[in-house]
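These notes concern the structure reproduced below.
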Amino acid sequence: MNRLSSAVPAEQYLADSQVLFYLNDAVTQLLDHKEEYTQFGLVRYFAEYFSSVKNSNHVLFRELNYIRATQHNRASFIRVFWRCFRQIGKSGDLLSVPEYRSLLQLLCPDFPLEAVQSASRIVLADDASDGLMSFSDFIYSFQLQFCYQEFLDSIRVIYQDLLAGKSPNTVIVPTSSSVEQLVSVATEESDREEQQQQDAVDSSTLAECVDALCERFKHSYPSRMCLREVLEQTDKVSYYGFLQSLANHESINQTIGALPSKEELLIDPEMDQELDKLIAQISVSPGSNSSGSAIGGLKEVQRRASPRRNIHHRRKMEVESDGSTEETDSSEN
């Protein structure tokens with residue numbers, strides 16, 4: 001059904017598309033930087049803002065609360081992370097949790113360590129503290145954890161209750177306000193939980209609980225068909241074994257829509273052209289520090305995609321360009 005069809009009530013469309021959230025953020029950004037943006041016109045400002053949202057460039061350098069606010073933002077952040085650091089996968093480097101967090105903080109300065117650790121546990125299970133991960137393994141696990149964090153937290157509670165022998169009917173689904181408390185409790189009991197992850201529960205029982213959870217869950221979650229398909233593959237399943245299967249499920253990856261398939265993960269002709277240009281600039285710059293130039297080049301690529309700084313960045317460049325021209329003319333005279 002066309003979402004602009006008259007059959008869709010206006011209130012439902014606004015809720016589903018979250019237009020009001022983005023409009024509120026656009027107005028907030030405008031008021032915070034009105035002296036810069038109003039010089040270029042309000043129409044142009046709003047056009048560029050919503051164009052950046054459509055093109056998934058709007059999450060660069062934004063705070064974590066904004067990035068996590070909508071599923072579109074979360075998927076956009078995954079895509080930006082992939083495009084910026086895909087070369088790590090091509091080079092075959094294995095990175096640790098702190099190193100992946102450092103990369104994420106280049107895009108979101110307040111990105112938390114806990115989110116990276118949660119993704120690493122899907123890859124490494126009981127060796128998440130100091131293990132090394134390939135880019136491919138990490139990014140698909142990170143995608144699952146970041147896009148469906150609330151759902152996975154609820155699954156973890158169900159899994160722990162089943163391990164403890166509790167009846168599935170007594171499982172309490174955590175609300176959004178209680179998720180942080182659950183995470184805190186889980187952190188305090190990490191030693192006991194790590195031991196529990198070595199065990200497994202009956203897949204059919206977990207499937208029934210997961211299906212009941214989907215009936216009343218208010219946040220986003222993978223399709224029931226994918227969840228059922230994964231749980232039907234084995235009689236017994238562990239929590240991280242279940243998550244590993246979900247992270248590698250191509251249908252879930254396609255539903256999120258942020259990453260290509262694993263076969264095409266390291267292929268991006270457009271970004272390759274950008275990197276070739278940067279390498280060419282570095283190679284023709286005598287006496288330049290190659291490492292520093294590469295970092296500067298990466299930041300320049302990121303700035304081009306930044307929705308918040310498009311107009312402001314161009315204005316700064318124009319001012320700097322004008323000043324440079326004047327200095328050149330005066331020196332020649």
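Note: hydrogens, waters and symmetry copies are ignored here, and every other heavy atom, side chains too, is used.
- Trp82 places no side-chain N or O within 3.5 Å of a backbone atom of Ile139 that could act as its donor or acceptor partner.
- Annotation: Asp235, atom CG; neighbour count of heavy atoms from other residues, nucleotides and ligands within 6.0 Å does not exceed 12.
- When only modelled atom types and interatomic distance are considered, Thr70 and Asn73 share a side-chain donor-acceptor pair under 3.5 Å.
- Put simply, CD1 on Ile78 and CG on Leu259 are 6.5 Å apart, with the number rounded to the nearest 0.5 Å.
- For His219 and Tyr221, the ring centers are positioned 6.0 Å apart or more.
- A heavy-atom distance below 4.5 Å is found between the side chains of Leu64 and Pro112.
- Considering only heavy atoms from C-beta on, Glu63 stays 4.5 Å or farther from Ile67 through its side chain.
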Please assess Asn248 against Lys262 for the test side-chain hydrogen bond (donor to acceptor under 3.5 Å, both in side chains), listing each intermediate value before the final yes or no. CA-CA 9 Å; Asn248 294 321; Lys262 282 196 172 183; 2.9 Å; yes
Determine whether Phe138 and Tyr100 satisfy the following criterion, ring pair (Phe, Tyr, Trp, His ring centres under 6.0 Å), listing intermediate values before the conclusion. CA-CA 9 Å; Phe138 175 78; Tyr100 277 115; 4.0 Å; yes
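- Between the Gln71 side chain and the Cys147 main chain, a donor and an acceptor come within less than 3.5 Å of each other.
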Take Asp110 and Arg62 through the salt bridge (Lys or Arg N to Asp or Glu O under 4.0 Å) test and state the conclusion after the steps. CA-CA 9 Å; Asp110 64 337; Arg62 294 300 302 266; over 6 Å; no
Test ring pair (Phe, Tyr, Trp, His ring centres under 6.0 Å) applied to Tyr159 and Tyr240, step by step: CA-CA 10 Å; Tyr159 178 80; Tyr240 286 116; 8.5 Å; no
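- Under 3.5 Å, the side chains of His58 and Asp25 contain no donor-acceptor pair of N or O atoms.
- If you chain together hydrophobic residues whose side chains sit under 4.5 Å apart, Phe46 and Leu31 fall into the same group.
- Between atom CD1 of residue Ile155 and atom CG of residue Leu206 there is a gap of 6.0 Å, rounded to the nearest 0.5 Å.
- Between Tyr37 and Tyr49, a ring centre-to-centre spacing not shorter than 6.0 Å is recorded.
- Summarising the geometry, atom CD1 belonging to Ile122 is positioned 6.5 Å from atom CG belonging to Leu152; distances are rounded to the nearest 0.5 Å.
- Aromatic rings from Phe77 and Phe146 are positioned such that their centres are separated by under 6.0 Å.
- The distance between the ring centers of Phe81 and Phe85 falls below 6.0 angstrom.
- A salt bridge links Glu150 and Arg74; the closest N-O separation between the charged side-chain nitrogens and carboxylate oxygens is under 4.0 Å.
- With a 4.5 Å cut-off on side-chain heavy atoms, Gln12 and Pro9 count as touching.
- Expressed to the nearest 0.5 Å, how far CZ of Phe142 lies from OG of Ser120 amounts to 11.5 Å.
- The main-chain N or O of Gly241 is found under 3.5 Å from a side-chain atom of Ser238 such that the two form a donor-acceptor pair.
- Considering all non-hydrogen atoms of both residues, Gln18 and Ala69 come closest at NE2-O, 4.2 Å.
- Lys54 contributes atom NZ, which lies 9.5 Å from atom NE2 of His72 (distance to the nearest 0.5 angstrom).
- The closest side-chain donor-acceptor pair between Ser96 and Glu99 falls under 3.5 angstrom.
- The backbone N or O of Ser51 lies less than 3.5 Å from a partner atom in the side chain of Asn55, making a donor-acceptor pair.
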As a quick check of understanding, evaluate side chain to side chain contact (heavy atoms under 4.5 Å, CB included) for Leu227 and Phe242, giving each step before the final call. CA-CA 9 Å; Leu227 294 169; Phe242 178 45; 3.9 Å; yes
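- A ring-centre distance under 6.0 Å is found for Phe217 and Phe151.
- Side-chain contact between Leu95 and Phe135 is absent, with no heavy-atom pair separated by less than 4.5 Å.
- Between the CG atom in Leu144 and the OG atom in Ser245 there is a gap of 10.5 Å [rounded to 0.5 Å].
- A salt bridge links Arg224 with Glu215; the closest basic N to acidic carboxylate O contact falls under 4.0 Å.
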Run the side chain to side chain contact (heavy atoms under 4.5 Å, CB included) check on Met133 and Leu94 step by step: do they pass? CA-CA 5 Å; Met133 297 167 284; Leu94 302 178; over 6 Å; no
